[in-house]
Amino acid sequence: MKLLFERSRPGRGQNLIPACDVPACAFDAARLREKAPRLPEISEVDLGRHYTELAKQTHGVNDGFYPLGSCTMKYNPRINEEMAGLPGFTGIHPLQGEETVQGCLEVLSRLEALLCEITGMDGMTFQPAAGAHGEYTGLLLIRRYHQSRGDAARTKIIVPDSAHGTNPASAVMAGFSVVSIPSNAQGGVDLDALKAAVGPDTAGLMLTNPNTLGLFDPNILEITEIVHQAGGLCYYDGANLNAVMGRVRPGDMGFDCVHLNLHKTFSTPHGGGGPGSGPVGCKAFLAQFLPEPRVCREEGAYHFYAPEHTMGKVRSFYGNFLVAVRALTYILILGREGIPEASAGAVLNANYLMHRLKGAYDMAYDTVCMHEFVMTLERLKHETGVSAMDVAKRLLDFGMHPPTMYFPLIVHEALMVEPTETESRETLDEAAEVFLSILEEARSNPESLHAAPHSCPIGRPDEVAAARTPVLRYDFNQ
Amino acid sequence: MASYIPSTAEERQAMLEAIGLKTVEDLYAAVPASAKLEKLNLPDGLTEFEAAAAIEALAEKNRRYRSIFRGAGSYDHYIPAIVKTVTSKEEFVTAYTPYQAEISQGVLQSIFEYQTQICELTGMDVSNASVYDGAVAAAEAVMMCQERKKSGVLLSDTVDPQVLSVVRTYCESRNVPVTVLPSTDYALNPDTLRAALSDTSACVYVQSPNFYGVLEDVDALVALAHEAGAKVIMAANPISLGLLKTPGEYGADIAVCEGQPLGMPLSFGGPYLGVMACKAAMMRKLPGRIVGQTTDSQGRRCFVLTLQAREQHIRREKASSNICSNEALCAMTASVYLAAVGPEGLRRAAENSAAHAHYLAGLLNDIPGFELKTKRPFFHEFVTACPVPAATLQARLDKEGILGGLPVEGGILWCCTEKNTRGQIERLAAICREVSGK
């Protein structure tokens, strides 16, 4: 379809901004841009239709089942959007006087208290704008902690080989080097490998539990104990909290700090890749290092303050505030009963779908899973030539978003399926039928799968060409 | 159902039994008993009606000003109605990162259009799909410039203090030296930069208009930096680029902006938009998602996430950055905004903002005690003295629904946009005159 620039016609536009009502201000010619930006000149109706057409070529949560593993694509309640759009929030300048923003400060303060209860932490910052940003911030807490004790030798972060790619990348940004440890036969942390890896150079461990295989590590208490015994701290990657919220808390598993993905676990939308929010919680002894400002309540009013040994800022202002409004709305609605009910629903749905597919598809680990499970299509590929990619692309023809492909890296031909709790039994049954029919097709007509999808706006894109000769902007001279 | 679960309790029990389990607890058999939570100490869940009332009550506790003369990193520009209409389409709102190109052409094409607009706006060759905000864009840009034999960043105390704080945080963890140069008359004197540069300087970060609204001597600063072999990162207000010389025209290597003025409401500081663009030579150092054009299996034009060999999910600890989620919907917001206003509307927003600011500066400068402190050319922000405590002035402005300028060292940092009408400006000046007692 046409690009915005191809719809542009000289002289078209919209009547938006009045003529100037004061004398114009003249800048030196040397300070002016020489050439006007070639922005589209377009009428409102054409602009509106352009994006309506783009919307039709976008698959959102309301367009169909979205079992994208590790991303927790649950339903995004509409009330959250209405609350985040209240002018009493959107119209507030971040540098207004404290006494004029008491409602905003109360949002942050109440959400902090609720999330600290859910995670077993004592303090939290909302400054990180996404999960990876939260990881970075959490690792800086660990860095500051060791620095404050004069312990300069602790330069290494231990990361299991099943971890999200952001974990090692964040550790390096935070100034650490990464020690990767293998998973054991059950998909958990190999305790012997962990024991061998820890030492006086251990700054900490980053762990997702349940991990990226969808498995809760039964040795979790021993794992955090091993790290603590060695003088390291334990970081909880909250990407998979949806499996366990309200049932077991990172703080009670021995973790010292945690990041959450409000855009996963707490139902705020992903926006096609953000804005998210990655608040970081920590135990009391780390709170002195949190980014500034934090919010406290004193003498009946909320105030900003800087923690004693703050790391400074990781983003301007207070983070993605409107995302926090959505998450607060969600938690208020779910409450005491709804939070554990949601996690159990997520785990139940994953196990139910896994059960429906088991036998036909090979499971990487055939055991009760948490909120997601990982299938390996290695045998299918060997027998039919049909890959995980082929199956994923064929799913598109049935109006489903495919599972996460080729992750975690330790499972070959992986498809990682996370249904979330907000899908009905019928949706899971229908999805199971689709998965099973594709398996039959793989054996009867593998060519059809290699060529899939057949009914999408485009066929498979040439990604190699895209990377080899990058075209990253529209060419006005073509 | 309070948790947005569609199935009833009976249906869930039937599903449990279908998989051979009896109770929900059986699902959590792997969790050590001693770690299990006995009681979640949260309030009871609310109906949607009750929750809405609770949140609305919080929103009502905030003070909304009728006219805003405060900027300092967050700007109150007019947002065309079409912007919100487009960006609240639920397909855009609820989609994930466009990993599956075949069903994500809408999001991918919009990012490609955004990248093109950002290149046009900044005069750069390549833009990424966004980072978290302008301050993080600055910090990531500093990281792009670090080399084995060149490290550190030079910047002046006229940059946004929040940006400085974020840059310091990012640099501290990577052992990158940060040198803050003292300014003269609210701008960085090129001689000060010349004295500080060395052949190990990796980059110079210039913000123009700077935190005080003043236009820096960018030409001279860029020449000095490049002479010393250092890269130049230029931060600009994106609205100003409708009118003023671009980072590309100045010869900067990387351009960064806080993209909030491009259609995003103030929103107590976020979500905002980190704009990052660079010269072609630095393309593979750019962090974050980038969308590229290619063709599909039938030769049709289409768009994909590309150059992923830079990214964390491929490179892990060797990635150029850890960024994964960015601010995609904010990028789309900026893109719709720029398309709606067009080149003419953007120039008008810039011209009117500057004209309003200069008109206010003139009126205030005539009031004893409110003398203009920023004597050099400025865009839409400037500093005046203040003859009374800033809080006294704001208390008086509160009565009229006006948010005055931000108290800074030496006075008040004022800001105007196209939204501040002549009437509002004159009313503000009249109150200042009254407060001054002259």
Side-chain angles (χ1 to χ4, degrees), chain A residues 13 21-22 25 36-37 39-40 51 54-55 57-61 83 86 88 90 92 94 100 102-104 129-130 132 165 168-170 175 178 216 218 269-276 312-313 316-317 320-321 332 335-336 338 341-342 344-345 347 355 424 456 458-459 461 466 471 473-474, chain B residues 2-3 5-6 19 24 27 30 42 45 51 55 58-59 61-63 86 89 91 94-97 102-103 105-107 116 120 132 135 162 165 169 173 265 268-271 292-294 296-297 302 304 306 312-313 316-317 319 322 324-329 339 342-343 354-355 358-359 422:
Chain A
D21 52 357
V22 300
C25 138
L39 300 174
Y51 283 102
L54 289 186
Q57 298 194 14
T58 301
H59 183 99
V61 166
M83 296 300 101
L86 290 172
T90 59
I92 304 305
T100 70
Q102 288 294 303
C104 290
S170 299
V178 176
F216 190 95
H270 290 67
K313 289 177 186 292
S316 54
F317 305 116
N320 283 340
F321 173 75
L332 288 183
R336 188 203 319 269
E341 184 177 85
V347 173
H355 184 77
S424 66
C456 291
I458 62 160
V471 178
R473 54 165 297 175
Y474 177 69
Chain B
S3 49
I5 291 180
I19 59 177
V24 162
L27 295 168
L42 291 187
I55 300 289
L58 293 179
K61 288 185 187 175
N62 294 322
R63 170 97 199 234
V86 166
K89 286 180 187 291
E91 293 87 348
T94 67
Y96 198 74
T97 303
E102 294 88 344
I103 53 167
Q105 284 300 295
V107 167
T116 305
E120 284 294 311
Y132 311 130
Q162 302 217 44
S165 177
T169 305
S173 63
F268 199 53
Q293 180 182 312
T294 185
D296 76 349
S297 47
C302 63
V304 290
T306 193
Q312 46 78 26
H313 59 288
R316 297 176 79 84
E317 63 266 30
N322 67 343
C324 186
S325 286
N326 47 55
E327 305 288 303
L329 196 62
H358 284 75
Y359 185 62
R422 181 176 194 141

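Bear in mind that the values here come from a model prediction, so they are computed numbers and not experimental data. Sequence lines set the chain letters: A, B, ... in the order given, protein chains first and strands last, and positions in each chain run from 1.
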| remark: Applying a strict 4.5 Å limit to non-hydrogen atoms, the region of A:Val178 in contact with chain B is side chain

| request: Please check if the side chain of B:Ser325 supplies one atom and the backbone of A:Gly274 the other of a donor-acceptor pair under 3.5 Å. | output: no

| query | Does the side chain of A:Pro461 reach to within under 4.5 Å of the side chain of B:Glu102, using non-hydrogen atoms? | reply | yes

| query | Which bit of B:Thr306 is near chain A, if near means a heavy-atom gap under 4.5 Å: side chain, backbone, both or neither? | reply | side chain

| query | If every non-hydrogen atom of A:Ala466 is compared with every non-hydrogen atom of B:Thr294, which pair is closest and at what distance? | reply | CB-CB, 3.7 Å

| said: Heavy-atom pairs under 4.5 Å with chain A: which of B:His358, B:Arg422, B:Lys61 has the most? | reply: B:Arg422

| note | Per-residue tally against chain A (heavy atom, under 4.5 Å) across B:Gln293, B:Arg63, B:Arg316 peaks at B:Arg316

| note | Note: vs chain A, highest number of non-hydrogen pairs under 4.5 angstrom among B:Cys324, B:Ala339, B:Cys302, B:Pro265 is B:Ala339

| request: Look at A:Ala344, A:Gly13, A:Gly345 and state which one has the largest set of heavy-atom pairs under 4.5 Å with chain B. | output: A:Ala344

| Looking at A:Leu332, A:Val22, A:Val61, which makes the most heavy-atom pairs under 4.5 Å with chain B? | A:Val22

| remark: A:Arg473 meets the salt bridge (Lys or Arg N to Asp or Glu O under 4.0 Å) criterion, sequence neighbours left out, with B:Glu120

| message | Looking only at heavy atoms and a cut-off of under 4.5 Å, which of B:Leu58, B:Thr94, B:Leu42, B:Asn62 has the most pairs with chain A? | response | B:Asn62

| request: Output all residues satisfying ring-ring contact (aromatic ring centres under 6.0 Å, His included) with A:Tyr51, sequence neighbours left out; order by chain, then residue number. | output: none

| task | Name the member of B:Val24, B:Thr97, B:Thr116 that forms the most heavy-atom pairs with chain A at distances under 4.5 Å. | result | B:Thr116

| message | Counting heavy-atom pairs closer than 4.5 Å to chain A, which one of B:Ala319, B:Ser297, B:Gly342 comes out on top? | response | B:Ser297

| Pick from A:Ala169, A:Gly273, A:Pro40: which one has the most heavy-atom pairs with chain B under 4.5 Å? | A:Gly273

| Segment of B:Ala135 engaging chain A (4.5 angstrom heavy-atom cut-off) | side chain

| message | Would the distance check show the side chain of B:Asp296 and the main-chain N or O of A:Ile458 forming a donor-acceptor pair, the cut-off being under 3.5 Å? | response | no

| query | Of all heavy-atom pairs between B:Ala355 and A:Cys25, which one has the smallest distance, and what is that distance? | reply | CA-CB, 3.9 Å

| request: Pick one of side chain, backbone, both or neither for B:Val304, based on which atoms fall under 4.5 Å of a heavy atom in chain A. | output: side chain

| field | Minimal non-hydrogen separation, B:Ser165 against A:Lys313, with atom names | value | OG-N, 3.2 Å

| remark: Of all heavy-atom pairs linking A:His270 and B:Ala95, the shortest is CB-O, 3.2 Å

| task | First locate atom CD1 of B:Ile19, then atom NE2 of A:His355, and finally report the distance between them rounded to the nearest 0.5 Å. | result | 7.5 Å

| Do you know which two heavy atoms are closest between A:Gly272 and B:Ala328, and how far apart they sit? | O-CB, 3.3 Å

| note | If you tally heavy-atom pairs under 4.5 Å between each of A:Ala55, A:Ser170, A:Ala129, A:Ser424 and chain B, the highest tally belongs to A:Ala55

| chain B contact via A:Leu86 - which portion, at a heavy-atom distance below 4.5 Å | side chain

| query | What residue in A:Pro269, A:Ala132, A:Gly338 has the most heavy-atom pairs under 4.5 Å with chain B? | reply | A:Ala132

| So which of A:Gly276, A:Ala36, A:Ala130 has the biggest tally of heavy-atom pairs under 4.5 Å with chain B? | A:Ala130

| query | Do B:Glu327 and A:Asn320 pass the side-chain contact (heavy atoms from CB on, under 4.5 Å) test, and can you show the C-alpha distance, the side-chain angles, and the key distance before you say yes or no? | reply | CA-CA 10 Å; B:Glu327 305 288 303; A:Asn320 283 340; 3.4 Å; yes

| Interchain contact, B:Tyr96 with chain A, by part (heavy-atom threshold 4.5 Å) | both

